[in-house]
Amino acid sequence: MTENRDAYSATAIVEYERLQVEARAEARRLTTAFVVAVAAVAAIAATIVAALSGIGVFLLETQEAGNQGLPPPSFRQSIPWGWVWVLSLLAVAGLISWIKHQVQKGLVAGGGVAIARQLGGRPADLNSLDPAERRFVNVVQEIAIAARIPAPEVWVLVSEHGVNVFNAGWTHETTVIGVTRGALEHLTRDELQAVAAQSMAHVFHGDARLNMRLMAMVSGIAGIAIVGEDLLDTARRMAERGQRGFMGMYVVGGLIKGSGWIGTYAASLIQRSVARRDELTADATAIELTRDAEPLVRAYRRIGGSRYKGRIRHHARRRFNHLFLTDTRGKVAGSIHPDLRERILRIDPDWTGKMLESQRHDKDVAVSDGIAVNPSVADRFAPVAEPGTTPSRDQELSPIPGLGAVMLPLVDSGIGSNEAVAGGFPGIQVDFAPGAPIPEPVAGMAGAAALLGAATLFDRRVEKAAQVPRGARAILLGVVLESQGRLSPEAARTALQCHGEVEFGLIQILELLQEPLVEAIERDRALLVLSTGGRAGKGEPEHVEPFYRSLVELVGKPERAGGLDDWMLRELVLDAADPRPSGVGNASLDDRRKDYGVLVTLMAGLGGSDPSIAASVAGHVAGVGALHLIGMRSLKVRDLHKALDLLAALPEDDRRRARAGLAACASADGSISEPEVTLLKLTSGRFDLDWDPSLVKGDDLGPLGATTGVPSPDLSRA
Amino acid sequence: MLPVVILIVLVVIVAVVAISIYNRLNGLREAVRTAFSQIDVQLERRYDLIPNLVSVAQRYLDHEEETLTAVIEARASATQARLEVNGDPGNTEAMSALASADGSLGSALGRLLAVSEQYPDLKADRTMSELTEEIRSTENRVSFARQAYNDVTRRYETARKAFPALLLSSPLGFGEMNYLETTTDEARERVLVEFN
């Protein structure tokens, strides 16, 4: 287990050291060339400026002399050409430096963390239950020890499926290393170590600083081209106004712009060469640090063989492409990055050219693909595992029948970490304290984030849409519909249009969603959509109704013989989506005792209480006296439906009493379980009464405390 | 007049060279000491983790007394050896004793982890799998720390033995630093354990 680094032959180390030295020397040569190019451009520009100012002054003096009747001054002697040239050079150099400084200031601000955030990352959770993340953090710290530098902060790009790593930051202390979800899943431990070492090699060599200076300098030279452009504009205006000398101005402007443009081009070519050379050096350094070339080669082969390679979806990748291990467009070779194949051959000249098919190595990852359930949420509801057994994945993700944990982050405020939610949507400030109500836009996003999780769709338009509830819902719809396949395209298109975000047409969203999402139970997704506030009828445009109706039907149809829990949840959501009228009858609770008895039976059955006690408690609180309960075994779903319908038609007062009776029955045995709370909520919804948390006072309220059970979907968001 | 000037110039040059050599060697020696203390840190971490590992393993490995005992004993001697070295990488004897004891511990751990592969209950235990990753990481850290130490020691030794530094190193008080090589026996015995 202790890998033997001492046995690595000294000659091999020397070999890599030599390669590195060579590479650094070449980088230095390139940098010198760069400096020369810049100086040349500056000199040319300065000469032009000097010539012009000299000529200008000369012409003025000649004119003066002519006015005063003196002989014209000599061209050579009247102007101190030397000084003029020096001054011009200083002026040009000053301009370039100033621009460079400004650009540098802009690039440096914020350090590595700012860049990582802009890419949509979140800090790695050091106490994460996700073994892959912890493994990566460990791996980074190990390399830091080998390189004798402080360990950089680790960030994770949770929504990226491509295999890539980046490093950002200017100093050893402020550096950040970021890894994609795809890398965590597809690379083995030693491969992760190799790519981490490669990334940290850049930090080690201070490549970021150099590259940044070069880029800033390129901008500086570009400034000259801009000056030239300005002069050309002036010339154009002079020509229009018919002023003399516009030809001269054209020539001058053209010359300056030309030299600036050539300079910029040459300098940026050189800068790119330096960057490429730095990448190859980093490869060599990584191998030296890990004392093993094989994992890095394997990692490159895996990237080459994978579907998405190093592709980064987030739009910020254009700005930060050079910070990544491989090209973020998902291509094998980029402008900055050397060809993957070339890199492999340099390390392993005997390579046959075959790439590796990537497999997932994250069998022990706690997060399911497609649905990012914050592990701490799943944990709170996972059944207690017997010591020695591993809870199965199904158990972890759907502890509550029907809706599963997906809905909970949506509605139950305070669950889960801010990062987990915000991690799905970069740039969105999520700031809520546990227990506080989730502000509206966030709730919509939280739901979308929870469902989408690892799916990536960071198109700028989509990101913007996610910030409002309607947009988030539109995205959610797209997600649901993509896997449904059952609903007609027209209905889908209609649905999306109804949300007002016409540009987020289904086609666009489907195009963006290229990752196939995990096959969740269709009903679950439909439930989710309904629960985010989509409802059939009231307030929505006419053509939307059929769409939601079909969703409701889908939900209403039991796919399998579910239990009572299932039924209750379904009723809960259906009622929320399609509220039926209440309080239209003339009867009283007394008249409906038999039906009330049915409900009480159910409640007693859920809580496991003694039916006679339940009957007397409920009857007493509801003010109807003794109740007759049928056995649980005789309870039929249609009886329940009938009971609910009839009771819902009672006057409000009676409904309240009925509910109070049920609540008393639930807490009669001293504890309230989740199913009991669910039934109470269902009753409240069906009876059109506001939910009252005091109904569920009890000693044992399950893992959630007062919010146990499935909360009713919030319909107030239209 | 001239010979005096030349003499003074020579003395100045020698002084400058001596100072730069001193500074360089001093910097490298400090780096060696820092690298050694890094090893120390990682060793301590590793020694601390082992009792946890043993106690979790004990629950499941009823019949593997020997293996567990070997680990416990190796840990004890390694801890002792570490104390003997007392932060001084120049102490040749103590350093080689540490290297040897540490190597034995590594092998014993490897055997324990290999054995635990055959107990599915132990393997499935979540605490165990977390611990395994931590142990693995710690072994790597010790290994890398040792590698970093050897790297910087090599640079120090190379600088120390180069000309003209080698003339001045003894008078200036720069002694030899020892590499932390493992003994040949343990070193060649690579225990390869594949996890998942």
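What you see is a predicted model, and the numbers here were worked out from it, not measured in a lab. All values below come from the heavy atoms of this structure, side chains included, with hydrogens, waters and symmetry mates left out. Protein chains get the first letters and strands the later ones, always in sequence-line order, with residue 1 at the start of each.
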Legend entry - Residue pair B:S137 / A:R189, side-chain heavy-atom distance below 4.5 Å: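 Yes; the side chains approach each other to less than 4.5 Å.
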
Legend entry - A:Q193 vs B:F144 side-chain heavy atoms within contact, under 4.5 Å: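 Sidechains of B:F144 and A:Q193: in contact.
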
Inset, instruction - Using distance alone, with no hydrogens and no angle criterion, decide if B:R136 and A:N138 have a side-chain donor and acceptor under 3.5 Å apart. - result: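 Judged by distance alone, the side chains do not pair up.
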
Legend entry - Gap between atom CD of B:Q147 and atom CZ of A:R291 - 0.5 Å precision: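 If we round to the nearest 0.5 Å, A:R291:CZ and B:Q147:CD are 4.0 Å apart.
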
Inset, instruction - Please flag which part of B:Q38 lies under 4.5 Å from any non-hydrogen atom of chain A: side chain, backbone, both or neither. - result: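 Side chain only.
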
Legend entry - Heavy-atom contacts under 4.5 Å, residues 140-150 of chain A to chain B: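 Contacts with chain B: A:Q141, A:E142, A:I143, A:I145, A:A146, A:R148.
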
Inset, instruction - Inspect the surroundings of CZ in B:R155 and state if more than 12 heavy atoms from other residues, nucleotides or ligands are less than 6.0 Å away. - result: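 No, the 6.0 Å shell around CZ holds no more than 12 heavy atoms from other groups.
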
Inset, instruction - Answer yes or no: does atom CZ of B:R24 have more than 12 heavy-atom neighbours from other residues, nucleotides or ligands under 6.0 Å? - result: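 Open.
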
